[in-house]
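What follows is one structure encoded as structure tokens, with my remarks underneath.
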Amino acid sequence: MHCRLILALATLCLTAAAHAAPSAANPACSIDVEGRPGKQFGPDHIVVPSTCTDFTVRLIHTGKNSKEKAGHNWVLTKSEDIDAVMVDGIKAGAQHEFLAPGDARILAKTPMLGGGETATVTFPVARLRAGQSYTYYCSFPAHAQHMRGTLVLQP
């Protein structure tokens with residue numbers, strides 16, 4: 001009797017786990033992105049599963065320089081908005097991490113990091129649309145033109 005109860009509970013737990021909704025704890029719903037010296041992101045392409053409720057990006061600054069000298073952040077916008085977001089960010093200046101405060105075109109962002117630091121941002125996948133082109137970039141001056149990647153929502 002005792003063995004059957006344990007077996008029934010184990011089966012129930014496994015069944016519940018198999019049918020649980022994907023979450024940020026699901027490895028498919030998160031990614032590590034490295035901000036590397038030489039103005040590069042790794043990876044430079046991210047696919048977000050449409051089954052995720054939220055998606056998490058952990059940015060790792062692999063360099064050694066301070067954020068004032070060569071900071072990195074991770075900023076997500078629609079590709080069509082990136083140029084205007086960059087121009088407005090430069091106007092906002094270093095005190096705002098080269099991002100205009102309250103800019104609704106910014107879909108997700110991490111803080112500016114110095115070498116060896118990490119930061120995480122989690123955003124609702126409902127902000128994304130299949131077929132829409134998204135670009136992530138580093139808003140630090142002279143990085144934004146080269147330090148970019150693409151993000152797509154998997155249909």
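- Applying the side-chain hydrogen bond (donor to acceptor under 3.5 Å, both in side chains) test to pairs two or more places apart or on separate chains, none has a residue in residues 111-121.
- If you run side chain to side chain contact (heavy atoms under 4.5 Å, CB included) between Val33 and each of Asp44, Leu59, Ile60, only Leu59 comes through.
- In this structure, Val75 and Cys138 have side chains that are not in contact, with every pair of non-hydrogen atoms separated by 4.5 Å or more.
- One distance of note links CZ of Phe41 with CZ of Arg36; it measures 10.5 Å at 0.5 Å rounding.
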Starting from the C-alpha separation in whole Å, work towards a yes-or-no answer on side chain to side chain contact (heavy atoms under 4.5 Å, CB included) for Asp32 and Arg58.
-> CA-CA 5 Å; Asp32 286 352; Arg58 182 174 71 145; 2.6 Å; yes
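- A distance of 10.5 Å separates CD1 in Ile82 from CD1 in Ile106, rounded to the nearest 0.5 Å.
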Distance-only donor-acceptor hits, side chain of residues 144-155, under 3.5 Å, sequence neighbours excluded:
unit_1: Arg148; atom_1: NE; unit_2: Ala144; atom_2: O; d: 2.8
unit_1: Thr150; atom_1: OG1; unit_2: His45; atom_2: ND1; d: 2.5

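- A distance of 11.0 Å separates CG in Leu76 from OG1 in Thr110, rounded to the nearest 0.5 Å.
- Side-chain contact between Thr62 and Pro37 is present, with at least one heavy-atom pair separated by less than 4.5 Å.
- Taking CD from Gln40 and NE2 from His72, the interatomic distance works out to 9.0 Å, rounded to the nearest 0.5 Å.
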Could you give the side-chain donor-acceptor pairs of residues 88-99 under 3.5 Å, partners two or more places apart or in another chain?
unit_1: Asp88; atom_1: OD2; unit_2: Arg105; atom_2: NH2; d: 2.6
unit_1: Gln95; atom_1: NE2; unit_2: Ala92; atom_2: O; d: 3.3
unit_1: Glu97; atom_1: OE1; unit_2: Met112; atom_2: N; d: 3.2
unit_1: Glu97; atom_1: OE2; unit_2: Met112; atom_2: N; d: 3.3

Steps toward side chain to side chain contact (heavy atoms under 4.5 Å, CB included) verdict (Gln132, Leu128) = CA-CA 8 Å; Gln132 174 69 52; Leu128 306 177; over 6 Å; no
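- Pro49 and Phe55 make their closest contact through CD-CE1, 4.3 Å (heavy atoms, listed as atom of the first residue, atom of the second, distance).
- In plain terms, the two heavy atoms of Ile31 and Pro43 that are nearest each other are CD1-CG, 3.8 Å.
- A donor atom on one side chain and an acceptor atom on the other are found under 3.5 Å apart for Asn73 and Ser139.
- Judged by distance alone, the side chains of Thr135 and Ser79 do bring a donor and an acceptor atom under 3.5 Å apart.
- Counting only heavy atoms from C-beta outward, the side chains of Val48 and Tyr134 never approach each other to under 4.5 Å.
- Residues Leu113 and Trp74 fall within the same hydrophobic cluster, defined by Ile, Leu, Val, Met, Phe, Trp and Tyr side chains chained together at heavy-atom separations under 4.5 Å.
- Considering every non-hydrogen atom in both Ala108 and Phe123, the closest pair reads CB-CD2, 3.5 Å.
- In this structure, the separation between NZ on Lys109 and OH on Tyr137 is 10.0 Å, given to the nearest 0.5 Å.
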